[in-house]
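None of these values were measured; they are calculated from a predicted model.
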Amino acid sequence: MQPSDTFVGSIDQGTTSTRFLIFNHEGDPVASHQVEFSQIYPNPGWHEHDPLEIVTSVETCIEEAVQNFEAQGHTRSSIQSIGITNQRETTIVWDHETGEPLYNAIVWTDTRSQAIVAELKQKPGAAQLQTLCGLPLSTYSSATKLLWMLSHVPRVKDAFDRGTLAFGTVDAWLVYRLNGGVAANVFVSDSTNASRTITIRRSWTFLGSGGKVHLPRIVPSSDATAYGVVASGPLAQVPIMGCLGDQSAALVGQKGFSPGMAKNTYGTGCFLLYNVGDKPVFSTHGLLATVAYHFGGRPIYALEGSIAVAGSGIKFLQNNLNFFQESKEVNDLAYSVQDNGGCVFVTAFSGLFAPYWIDDAKGTIFGITQYTQKGHIARATLEATCFQTKAILDAMEKDSGHTLSELAVDGGMSNSDLAMQTQADLISIPVYRPKMRETTALGAAIAAGLAVGLWHNFAELRDINRSGGVVFEPQIPRQESAAKFGQWEKAVQMSRGWVGSKSTEQKEVVGPKNGTYALAKNPDLPPPKVVQIPDTPLVSDMVKSSTYIAAVKERAYVSVKEIEATYPPVRTGLGSVLCDLDDADEEDLFMELRKVEILQRLRKLRKRQSNSY
Ligand SMILES: Nc1ncnc2c1ncn2[C@@H]1O[C@H](COP(=O)(O)OP(=O)(O)O)[C@@H](O)[C@H]1O
Ligand SMILES: O=P(O)(O)OC[C@H](O)CO
């Protein structure tokens with residue numbers, strides 16, 4: 001067969017939609033189909049997908065795209081192999097013996113594991129975890145979602161106890177199901193996806209889970225045999241040969257193969273990946289170390305800046321606030337005003353990710369007045385992702401010592417000219433948007449195409465998607481962008497600390513019993529552990545104690561021992577004061593602590609004054 005008669009398929013399983021695209025040897029998509037699927041939000045901060053619906057959406061896309069392909073006169077047998085790319089971190093568990101899912105997929109944006117994260121952060125060695133696995137302890141990684149399931153979902157716990165619990169990210173689940181499930185039992189994950197889980201070796205041991213969970217075998221991103229073959233449907237018997245997490249796939253699709261190359265993908269979230277070569281770089285400025293791709297030999301690593309909300313902010317304006325009917329309309333709305341009218345929208349729906357990692361932030365709009373119109377909020381929504389990208393680029397510069405000369409972009413939100421111009425203005429370097437924006441799907445196609453021999457090396461890929469792109473040049477002076485960014489940074493600081501405040505969570509403080517407090521969170525969390533109210537440390541030490549403050553905020557249930565370990569106890573009789581606090585909640589508790597502290601200072605002052613008379 002001539003290269004011109006051969007094709008490669010690409011499944012792009014994103015957070016809000018699934019696509020299947022068929023690429024030719026020139027890297028052009030010749031047929032495609034896309035479907036959106038259900039977003040399940042059962043509680044504030046929770047986000048789920050139905051694992052079976054994900055599989056069905058893939059099957060539907062394959063069927064429709066192949067039909068379209070054949071209608072153009074091609075034959076399905078000319079599709080040589082398939083690549084998969086997927087939303088990362090999203091956590092799926094199934095029964096290893098039956099192949100059935102045991103719970104909805106917990107999506108990467110979901111923050112329900114916050115209390116688990118806060119507890120883990122107290123463990124000795126927590127600060128070193130990032131140097132083992134590249135990721136910070138946060139609700140983002142798969143592992144904390146899995147730990148939540150283990151402690152909250154009886155079916156998952158039962159399977160764990162029986163030794164039949166299988167865990168995978170979306171790639172592993174799709175490969176498993178496309179191969180026919182339990183019969184073939186192809187249970188693998190590629191290195192890029194695996195690098196997002198914290199379930200690897202020592203980091204998994206740190207999290208304290210036994211070896212009873214079946215974890216997928218980690219294999220290269222491009223491999224002729226490891227991923228098996230499709231068991232049924234129009235592409236039955238076609239081998240799966242490529243697999244990459246979507247952000248890695250976009251880097252490959254943008255052909256970011258040399259150290260120093262970067263791309264920023266504006267999808268549901270927004271992710272900047274910067275190729276650092278074959279040795280991981282561990283960030284000291286809030287970025288992640290991740291596997292960029294692994295095409296045999298040594299894996300190639302990237303520094304990553306992850307932004308949780310990009311296109312999902314636009315979807316929020318569309319679906320929750322009814323600002324418009326379709327995402328693309330955000331642009332006209334934003335163009336209806338000159339500027340953001342003083343509004344800054346910190347779109348921290350899942351807390352704030354890189355480079356800030358603020359777990360206790362929530363979405364907050366600053367600067368609203370009677371003057372504010374929908375257009376200002378639309379602009380502020382687009383700007384939020386651009387500001388975070390600027391913060392990430394600054395962090396990346398500090399970590400790598402390298403300044404980017406141009407930013408390559410893609411993803412749904414990159415279709416917005418206004419957003420891309422704003423981006424160029426804020427980072428003061430040109431933004432390059434390729435003509436064909438399905439770079440994520442292209443990356444998975446490249447991984448599969450290299451394995452099947454459609455392409456043989458990176459040099460052959462050079463001309464793919466090279467012409468017809470648009471460059472957005474910065475149009476405002478650096479001082480102006482610095483002033484705007486300063487306002488954003490101020491808003492970020494002001495968005496801190498919302499989670500855990502009275503009005504956002506159902507909570508109850510079980511009154512003092514024998515000198516102890518039990519702090520209960522919402523009913524979805526496990527029964528509260530008892531917090532011993534220390535009757536020994538100095539009040540000021542307690543108020544200062546970040547361990548204690550963080551613990552109370554997160555309801556992480558620290559024990560007095562941990563506080564005492566940090567702050568040597570001095571007897572003050574505080575315990576008895578606290579034990580008198582009937583029905584107090586945490587804020588009252590802090591107020592009382594403050595009052596006692598002030599009272600003590602006053603007394604000391606008075607004593608000193610009276611001594612001096
Ligand atoms: N023309 C547009 N202008 C701005 N945002 C857009 C536009 N088209 C799509 N989007 C946004 O892009 C996101 C989808 O991008 P996509 O790359 O498909 O994401 P994912 O892979 O995460 O599903 C949606 O959240 C949508 O709001
Ligand atoms: O759905 P996207 O394209 O925003 O990507 C999701 C990421 O993989 C999450 O880490």
- Task: Using the side-chain hydrogen bond (donor to acceptor under 3.5 Å, both in side chains) rule, take Q87 and T90 through it: C-alpha gap first, then chi angles, then the decisive distance, then the call.
- Result: CA-CA 7 Å; Q87 49 170 320; T90 297; 2.8 Å; yes
- Task: Output yes when K157 and D161 qualify as a salt bridge under the 4.0 Å nitrogen-oxygen rule, no when they do not.
- Result: yes
- Given salt bridge (Lys or Arg N to Asp or Glu O under 4.0 Å), test R466 with D463 step by step and report yes or no. CA-CA 5 Å; R466 250 178 43 133; D463 290 336; 3.6 Å; yes
Compute the ring centroids of [X] and [Y], then answer whether they are less than 6.0 Å apart.
{"X": "W94", "Y": "Y176", "result": "yes"}
{"X": "F295", "Y": "W455", "result": "no"}
{"X": "H33", "Y": "F20", "result": "no"}

- Query: Where does the angle between the aromatic ring planes of F257 and F458 fall among parallel (under 30°), tilted (30 to 60°) and perpendicular (over 60°)?
  - Reply: parallel
- Item | Whether H74 and F69 hold their rings parallel, tilted or perpendicular, with breakpoints at 30° and 60° | parallel
- Task: Dump the intermediate steps for side-chain hydrogen bond (donor to acceptor under 3.5 Å, both in side chains) on D417 and N331, then the final yes or no.
- Result: CA-CA 8 Å; D417 287 359; N331 300 289; over 6 Å; no
- Item | Short side-chain donor-acceptor distance under 3.5 Å, Y140 and R88 | yes
- Message: Using a 6.0 Å distance limit plus a 45 degree cone around the ring axis, check whether R76 lies over the aromatic ring of F7.
- Response: no
- Any sub-3.5 Å donor-acceptor pair from K263's side-chain atoms to L407's backbone N or O? no
